[in-house]
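Side chains included, hydrogens not; waters and symmetry mates left out as well; all remaining heavy atoms used.
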Amino acid sequence: MTELMVRVTDRRDEAEGVFSLGLAAVGGGPLPHWTPGAHIDVSVGTAGVRQYSLCGDPADERRWRIAILHEPAGRGGSDHLHRTARPGAALRVSLPRNNFELVPSDAYLFVAGGIGITPILPMLAAAQRAGASWTLYYGARSRAHLAFTGELSWHRQVRMVPQDELGLLPVAAILGDRGGAEVYCCGPAPLLDAIETEGARTGVAVHIERFVPRQLETAPDREFELQLARTGRTLRVPAGRPVIDVLESAGVTVVTSCREGTCGSCETAVLSGSVEHRDSVLSAAERAAGATMMPCVSRAVSDVLVLDL
(Lines give C-alpha, C1' and ligand atoms only; values in the text may rest on other atoms or scores of the structure.)
Protein backbone atom coordinates (compact mmCIF):
# COMPACT_ATOMS: atom_id res chain seq x y z
CA MET A 1 0.00 0.00 0.00
CA THR A 2 1.08 3.62 -0.51
CA GLU A 3 1.97 4.54 3.03
CA LEU A 4 2.27 7.43 5.40
CA MET A 5 3.00 7.64 9.10
CA VAL A 6 0.50 9.09 11.53
CA ARG A 7 0.56 9.47 15.27
CA VAL A 8 -2.26 8.85 17.73
CA THR A 9 -3.35 12.18 19.20
CA ASP A 10 -6.19 10.98 21.40
CA ARG A 11 -8.12 7.88 22.32
CA ARG A 12 -11.56 7.47 23.86
CA ASP A 13 -14.11 4.77 24.54
CA GLU A 14 -17.19 5.19 22.36
CA ALA A 15 -19.25 2.15 23.42
CA GLU A 16 -18.86 -1.28 24.98
CA GLY A 17 -15.79 -2.72 23.23
CA VAL A 18 -15.41 0.22 20.82
CA PHE A 19 -12.66 2.83 21.02
CA SER A 20 -11.77 5.67 18.68
CA LEU A 21 -8.37 7.07 17.72
CA GLY A 22 -7.56 10.57 16.59
CA LEU A 23 -4.72 10.59 14.06
CA ALA A 24 -2.40 13.36 12.84
CA ALA A 25 0.48 13.38 10.37
CA VAL A 26 3.86 12.61 11.93
CA GLY A 27 5.82 15.84 11.74
CA GLY A 28 2.69 17.92 11.36
CA GLY A 29 1.21 19.17 8.13
CA PRO A 30 -2.08 18.44 6.39
CA LEU A 31 -3.40 14.93 5.87
CA PRO A 32 -4.59 13.69 2.45
CA HIS A 33 -8.13 14.59 1.44
CA TRP A 34 -10.91 12.03 1.82
CA THR A 35 -14.63 11.77 1.18
CA PRO A 36 -17.47 10.16 3.18
CA GLY A 37 -17.30 6.38 2.93
CA ALA A 38 -13.49 6.26 2.67
CA HIS A 39 -11.30 3.92 4.68
CA ILE A 40 -7.60 3.52 5.38
CA ASP A 41 -5.51 0.40 5.73
CA VAL A 42 -3.70 0.21 9.07
CA SER A 43 -0.68 -1.99 9.71
CA VAL A 44 -1.35 -4.07 12.81
CA GLY A 45 1.96 -5.82 13.49
CA THR A 46 2.16 -9.53 12.85
CA ALA A 47 -1.61 -9.60 12.20
CA GLY A 48 -1.00 -7.81 8.89
CA VAL A 49 -3.29 -5.02 7.69
CA ARG A 50 -6.85 -4.09 8.59
CA GLN A 51 -9.26 -1.59 7.05
CA TYR A 52 -10.93 1.09 9.18
CA SER A 53 -13.42 3.70 8.00
CA LEU A 54 -12.62 7.36 8.48
CA CYS A 55 -15.40 8.68 10.69
CA GLY A 56 -14.39 12.26 11.45
CA ASP A 57 -14.81 15.47 9.47
CA PRO A 58 -13.48 15.40 5.88
CA ALA A 59 -12.91 19.16 6.07
CA ASP A 60 -10.43 18.74 8.93
CA GLU A 61 -7.03 18.42 7.23
CA ARG A 62 -5.17 18.04 10.53
CA ARG A 63 -7.03 15.15 12.15
CA TRP A 64 -8.46 11.85 11.07
CA ARG A 65 -10.60 9.61 13.26
CA ILE A 66 -11.13 5.88 13.12
CA ALA A 67 -12.97 3.57 15.49
CA ILE A 68 -12.14 -0.03 16.33
CA LEU A 69 -14.25 -2.86 17.70
CA HIS A 70 -12.00 -4.73 20.10
CA GLU A 71 -12.35 -8.45 19.47
CA PRO A 72 -9.99 -10.29 21.86
CA ALA A 73 -10.79 -13.62 20.18
CA GLY A 74 -10.59 -12.20 16.65
CA ARG A 75 -7.80 -12.33 14.07
CA GLY A 76 -5.47 -10.15 16.15
CA GLY A 77 -5.70 -6.76 14.47
CA SER A 78 -8.06 -5.05 16.89
CA ASP A 79 -6.27 -6.58 19.87
CA HIS A 80 -2.94 -5.22 18.60
CA LEU A 81 -4.36 -1.70 18.35
CA HIS A 82 -6.13 -2.02 21.70
CA ARG A 83 -2.79 -2.80 23.34
CA THR A 84 -0.48 -0.46 21.44
CA ALA A 85 -2.41 2.49 19.97
CA ARG A 86 -2.01 5.00 22.78
CA PRO A 87 -1.55 8.77 22.41
CA GLY A 88 1.88 9.40 20.91
CA ALA A 89 2.13 6.00 19.19
CA ALA A 90 3.00 5.96 15.48
CA LEU A 91 0.95 3.96 12.96
CA ARG A 92 1.69 3.08 9.35
CA VAL A 93 -1.42 3.64 7.25
CA SER A 94 -2.44 3.87 3.60
CA LEU A 95 -3.85 6.79 1.68
CA PRO A 96 -7.65 6.95 1.91
CA ARG A 97 -9.54 4.75 -0.56
CA ASN A 98 -13.28 4.87 -1.16
CA ASN A 99 -15.31 1.87 -2.33
CA PHE A 100 -18.44 3.23 -0.62
CA GLU A 101 -18.96 6.62 -2.26
CA LEU A 102 -22.00 8.68 -1.30
CA VAL A 103 -23.83 9.37 -4.56
CA PRO A 104 -25.78 12.64 -4.91
CA SER A 105 -29.42 12.24 -3.93
CA ASP A 106 -32.34 14.15 -2.46
CA ALA A 107 -32.97 11.38 0.07
CA TYR A 108 -30.98 8.70 1.87
CA LEU A 109 -31.76 5.69 4.02
CA PHE A 110 -28.85 4.57 6.19
CA VAL A 111 -28.73 1.24 8.01
CA ALA A 112 -25.89 0.49 10.42
CA GLY A 113 -25.12 -2.37 12.76
CA GLY A 114 -22.57 -2.06 15.56
CA ILE A 115 -19.21 -0.77 14.35
CA GLY A 116 -20.79 -0.32 10.91
CA ILE A 117 -21.83 3.15 12.05
CA THR A 118 -18.32 4.44 11.30
CA PRO A 119 -18.52 5.05 7.52
CA ILE A 120 -22.09 6.30 7.95
CA LEU A 121 -21.23 9.15 10.35
CA PRO A 122 -19.61 11.48 7.78
CA MET A 123 -22.35 10.56 5.30
CA LEU A 124 -24.97 11.90 7.70
CA ALA A 125 -23.12 15.20 7.98
CA ALA A 126 -22.74 15.40 4.18
CA ALA A 127 -26.44 14.68 3.64
CA GLN A 128 -27.34 17.31 6.24
CA ARG A 129 -25.13 19.94 4.60
CA ALA A 130 -26.58 19.16 1.17
CA GLY A 131 -30.12 19.66 2.43
CA ALA A 132 -31.09 16.07 1.63
CA SER A 133 -33.64 14.21 3.71
CA TRP A 134 -32.29 11.16 5.52
CA THR A 135 -33.11 8.51 8.09
CA LEU A 136 -30.71 6.27 10.02
CA TYR A 137 -31.60 2.91 11.55
CA TYR A 138 -28.82 1.91 13.94
CA GLY A 139 -28.81 -1.44 15.70
CA ALA A 140 -26.52 -3.09 18.25
CA ARG A 141 -26.70 -5.80 20.88
CA SER A 142 -27.65 -3.30 23.61
CA ARG A 143 -27.66 0.43 24.26
CA ALA A 144 -24.20 0.06 25.75
CA HIS A 145 -22.96 -1.23 22.37
CA LEU A 146 -24.32 1.76 20.39
CA ALA A 147 -21.34 4.00 19.56
CA PHE A 148 -21.21 7.78 19.05
CA THR A 149 -24.64 8.24 20.62
CA GLY A 150 -23.69 11.74 21.74
CA GLU A 151 -23.25 12.76 18.10
CA LEU A 152 -26.41 11.01 16.96
CA SER A 153 -28.99 11.53 19.70
CA TRP A 154 -29.90 15.10 18.74
CA HIS A 155 -31.00 14.04 15.24
CA ARG A 156 -34.72 13.31 15.04
CA GLN A 157 -34.03 11.14 11.97
CA VAL A 158 -32.08 8.55 13.99
CA ARG A 159 -33.81 5.32 15.03
CA MET A 160 -31.71 3.42 17.56
CA VAL A 161 -32.58 -0.27 17.84
CA PRO A 162 -30.92 -2.09 20.76
CA GLN A 163 -31.45 -5.78 20.07
CA ASP A 164 -32.02 -6.81 23.69
CA GLU A 165 -34.94 -4.36 23.89
CA LEU A 166 -36.42 -4.18 20.39
CA GLY A 167 -35.04 -7.19 18.52
CA LEU A 168 -33.13 -7.25 15.26
CA LEU A 169 -33.32 -4.43 12.75
CA PRO A 170 -36.54 -5.03 10.74
CA VAL A 171 -34.87 -5.14 7.33
CA ALA A 172 -38.00 -5.86 5.29
CA ALA A 173 -39.95 -3.04 6.92
CA ILE A 174 -37.02 -0.63 6.60
CA LEU A 175 -36.61 -1.22 2.88
CA GLY A 176 -40.34 -1.30 2.34
CA ASP A 177 -40.55 2.25 3.68
CA ARG A 178 -37.60 3.67 1.75
CA GLY A 179 -39.50 5.62 -0.88
CA GLY A 180 -36.95 6.71 -3.49
CA ALA A 181 -34.04 7.06 -1.07
CA GLU A 182 -30.56 5.80 -1.81
CA VAL A 183 -29.82 2.97 0.65
CA TYR A 184 -26.45 2.61 2.40
CA CYS A 185 -25.67 -0.21 4.82
CA CYS A 186 -22.64 -1.29 6.84
CA GLY A 187 -22.42 -3.73 9.72
CA PRO A 188 -21.94 -7.40 10.57
CA ALA A 189 -22.27 -10.02 7.84
CA PRO A 190 -25.75 -11.28 8.87
CA LEU A 191 -27.17 -7.76 8.53
CA LEU A 192 -25.49 -7.19 5.18
CA ASP A 193 -26.64 -10.57 3.88
CA ALA A 194 -30.20 -9.88 5.02
CA ILE A 195 -30.42 -6.44 3.45
CA GLU A 196 -28.73 -7.64 0.24
CA THR A 197 -31.21 -10.54 -0.02
CA GLU A 198 -34.21 -8.34 0.69
CA GLY A 199 -32.97 -5.73 -1.75
CA ALA A 200 -32.62 -8.34 -4.47
CA ARG A 201 -36.09 -9.71 -3.71
CA THR A 202 -37.75 -6.30 -3.90
CA GLY A 203 -35.60 -4.73 -6.62
CA VAL A 204 -34.00 -2.18 -4.30
CA ALA A 205 -30.37 -1.32 -5.05
CA VAL A 206 -28.32 -1.22 -1.85
CA HIS A 207 -24.84 0.25 -1.34
CA ILE A 208 -22.93 -2.08 0.99
CA GLU A 209 -19.53 -1.89 2.68
CA ARG A 210 -17.89 -5.12 3.87
CA PHE A 211 -14.65 -5.49 5.80
CA VAL A 212 -14.98 -9.26 6.23
CA PRO A 213 -15.10 -11.41 3.05
CA ARG A 214 -18.45 -12.63 1.81
CA GLN A 215 -19.13 -16.31 2.31
CA LEU A 216 -19.45 -17.67 -1.22
CA GLU A 217 -20.04 -20.98 -2.90
CA THR A 218 -17.38 -21.13 -5.60
CA ALA A 219 -16.56 -23.46 -8.42
CA PRO A 220 -13.50 -25.70 -7.99
CA ASP A 221 -10.27 -23.94 -8.94
CA ARG A 222 -8.97 -24.72 -12.40
CA GLU A 223 -5.73 -23.95 -14.18
CA PHE A 224 -5.85 -21.19 -16.79
CA GLU A 225 -3.65 -19.02 -18.96
CA LEU A 226 -3.07 -15.43 -17.91
CA GLN A 227 -2.08 -12.96 -20.62
CA LEU A 228 -0.64 -9.54 -19.75
CA ALA A 229 -1.68 -7.17 -22.52
CA ARG A 230 0.88 -4.43 -21.93
CA THR A 231 3.91 -6.71 -22.09
CA GLY A 232 2.63 -9.66 -24.10
CA ARG A 233 3.70 -12.09 -21.38
CA THR A 234 1.79 -15.30 -20.74
CA LEU A 235 1.67 -16.95 -17.32
CA ARG A 236 0.07 -20.16 -16.09
CA VAL A 237 -2.12 -19.93 -13.00
CA PRO A 238 -2.42 -23.37 -11.41
CA ALA A 239 -5.42 -24.49 -9.41
CA GLY A 240 -5.15 -23.46 -5.78
CA ARG A 241 -2.76 -20.57 -6.37
CA PRO A 242 -4.04 -16.96 -6.29
CA VAL A 243 -3.55 -14.84 -9.39
CA ILE A 244 -1.79 -12.18 -7.31
CA ASP A 245 0.82 -14.72 -6.18
CA VAL A 246 1.56 -15.74 -9.76
CA LEU A 247 1.90 -12.11 -10.80
CA GLU A 248 4.23 -11.25 -7.93
CA SER A 249 6.38 -14.33 -8.56
CA ALA A 250 6.77 -13.15 -12.16
CA GLY A 251 7.90 -9.71 -11.00
CA VAL A 252 4.65 -7.95 -11.91
CA THR A 253 3.79 -5.22 -9.43
CA VAL A 254 0.16 -4.90 -8.40
CA VAL A 255 -0.80 -2.77 -5.41
CA THR A 256 -2.43 -5.00 -2.84
CA SER A 257 -3.26 -4.79 0.83
CA CYS A 258 -5.87 -7.07 2.40
CA ARG A 259 -5.37 -10.05 0.07
CA GLU A 260 -8.90 -11.21 0.85
CA GLY A 261 -11.02 -9.18 -1.57
CA THR A 262 -12.30 -6.51 0.79
CA CYS A 263 -10.14 -3.40 0.31
CA GLY A 264 -10.23 -2.93 -3.48
CA SER A 265 -6.59 -1.89 -3.77
CA CYS A 266 -5.68 -4.56 -6.34
CA GLU A 267 -8.60 -3.91 -8.72
CA THR A 268 -7.36 -4.65 -12.25
CA ALA A 269 -8.97 -4.12 -15.64
CA VAL A 270 -10.06 -7.27 -17.51
CA LEU A 271 -9.72 -7.05 -21.29
CA SER A 272 -10.91 -10.53 -22.21
CA GLY A 273 -12.09 -13.70 -20.52
CA SER A 274 -14.67 -14.71 -17.90
CA VAL A 275 -14.12 -14.17 -14.19
CA GLU A 276 -15.53 -15.83 -11.11
CA HIS A 277 -15.67 -12.86 -8.76
CA ARG A 278 -14.88 -13.82 -5.18
CA ASP A 279 -14.39 -10.30 -3.82
CA SER A 280 -16.57 -8.32 -1.42
CA VAL A 281 -16.14 -4.94 -3.14
CA LEU A 282 -17.77 -5.00 -6.58
CA SER A 283 -21.52 -4.58 -6.90
CA ALA A 284 -23.64 -7.24 -8.58
CA ALA A 285 -23.79 -5.06 -11.71
CA GLU A 286 -20.01 -4.60 -11.73
CA ARG A 287 -19.45 -8.33 -11.31
CA ALA A 288 -21.84 -9.04 -14.18
CA ALA A 289 -20.05 -6.50 -16.40
CA GLY A 290 -16.72 -8.22 -15.75
CA ALA A 291 -14.67 -5.12 -16.59
CA THR A 292 -12.42 -5.45 -13.54
CA MET A 293 -11.42 -8.08 -11.00
CA MET A 294 -9.57 -8.44 -7.69
CA PRO A 295 -6.68 -10.80 -8.48
CA CYS A 296 -6.06 -11.48 -4.81
CA VAL A 297 -9.13 -13.75 -4.69
CA SER A 298 -10.94 -13.91 -8.05
CA ARG A 299 -10.12 -16.38 -10.83
CA ALA A 300 -10.86 -17.12 -14.46
CA VAL A 301 -13.54 -19.58 -15.48
CA SER A 302 -12.36 -19.34 -19.09
CA ASP A 303 -9.22 -20.98 -20.47
CA VAL A 304 -7.62 -17.58 -21.08
CA LEU A 305 -7.81 -14.36 -19.09
CA VAL A 306 -6.34 -11.13 -20.45
CA LEU A 307 -5.52 -8.36 -17.97
CA ASP A 308 -4.49 -4.76 -18.56
CA LEU A 309 -1.03 -5.30 -17.06
Side-chain angles (χ1 to χ4, degrees), residues 14-15 18 20-23 31-41 51-61 63-69 95-140 145-161 169 171 174-175 177-189 191-192 194-196 198-199 204-212 262-264 280-283 286:
E14 303 291 353
V18 176
S20 66
L21 301 176
L23 306 174
L31 290 161
H33 176 69
W34 61 280
T35 55
H39 70 269
I40 55 173
D41 301 338
Q51 291 81 50
Y52 295 103
S53 295
L54 292 167
C55 57
D57 180 2
D60 188 345
E61 297 181 342
R63 181 179 183 269
W64 285 347
R65 181 176 69 171
I66 60 174
I68 297 99
L69 172 63
L95 298 179
R97 184 167 51 253
N98 201 336
N99 303 319
F100 197 40
E101 288 275 6
L102 187 67
V103 300
S105 178
D106 293 330
Y108 298 96
L109 171 61
F110 300 105
V111 185
I115 196 64
I117 190 62
T118 51
I120 302 297
L121 282 174
M123 292 184 175
L124 302 181
Q128 191 83 7
R129 284 194 302 270
S133 64
W134 60 269
T135 302
L136 166 67
Y137 288 87
Y138 180 26
H145 291 88
L146 291 164
F148 301 105
T149 52
E151 299 176 28
L152 295 170
S153 58
W154 64 276
H155 288 293
R156 289 176 299 154
Q157 307 98 306
V158 175
R159 312 284 187 266
M160 296 190 186
V161 186
L169 285 164
V171 169
I174 289 171
L175 289 188
D177 195 35
R178 64 174 275 276
E182 291 284 340
V183 182
Y184 283 79
C185 181
C186 187
L191 171 62
L192 300 183
I195 204 161
E196 206 168 41
E198 182 64 17
V204 176
V206 181
H207 305 271
I208 285 178
E209 175 91 312
R210 291 180 185 267
F211 289 121
V212 175
T262 58
C263 74
S280 303
V281 177
L282 297 176
S283 67
E286 289 169 331

Checking Arg63 now: which residues fulfil side chain to side chain donor-acceptor pair (under 3.5 Å) with it, not counting sequence neighbours? Asp10
With sequence neighbours left out, what residues match Gln157 under side chain to side chain donor-acceptor pair (under 3.5 Å)? none
If we ignore hydrogens and angles and just use 3.5 Å, is the side chain of Arg156 paired with the main-chain N or O of Ser153 as donor and acceptor? no
Please name all residues satisfying salt bridge (Lys or Arg N to Asp or Glu O under 4.0 Å) with Arg178, sequence neighbours left out, ordered by chain then number. none
In chain order, what residues pass the ring pair (Phe, Tyr, Trp, His ring centres under 6.0 Å) check against His155, with sequence neighbours excluded? Trp134
Those residues that, when tested against Tyr52, pass ring pair (Phe, Tyr, Trp, His ring centres under 6.0 Å) (two or more places apart): none
Residues passing the ring pair (Phe, Tyr, Trp, His ring centres under 6.0 Å) test with His207, sequence neighbours excluded, are Tyr184
Could I get the full list of side-chain contact (heavy atoms from CB on, under 4.5 Å) partners for Asp177, not counting sequence neighbours? none
Which residues pass the salt bridge (Lys or Arg N to Asp or Glu O under 4.0 Å) test with Glu182, sequence neighbours left out? none
Side chain to side chain donor-acceptor pair (under 3.5 Å) against Glu151, all qualifying residues, sequence neighbours excluded: Arg65
According to side chain to side chain donor-acceptor pair (under 3.5 Å), who are the partners of Thr118, at least two apart in sequence or on a separate chain? none
Just jot down the side-chain contact (heavy atoms from CB on, under 4.5 Å) partners of Pro96, sequence neighbours excluded, or say none. Pro32, Trp34, Ala38, Ile40, Leu54, Trp64
Atom SG in Cys55, atom CD1 in Ile66: separation rounded to 0.5 Å? 8.0 Å
Sub-4.5 Å side-chain heavy-atom contact between His39 and Pro119: no
Within the 4.5 Å heavy-atom criterion, are Pro58 and Thr35 side-chain neighbours or not? no
Looking only at heavy atoms, what is the nearest atom pair of Asn99 and Cys263, with distance? ND2-O, 2.7 Å
Sequence neighbours excluded and cut-off under 3.5 Å, please list the side-chain donor-acceptor pairs for residues 102-115, or say none.
| from | atom 1 | to | atom 2 | distance (Å) |
| --- | --- | --- | --- | --- |
| Ser105 | OG | Ala107 | N | 3.1 |
| Ser105 | OG | Ala107 | O | 2.8 |
| Tyr108 | OH | Val103 | O | 2.6 |
| Tyr108 | OH | Ser105 | N | 3.1 |

In this structure, are over 12 heavy atoms from other groups packed under 6.0 Å from Glu61 atom CD? no
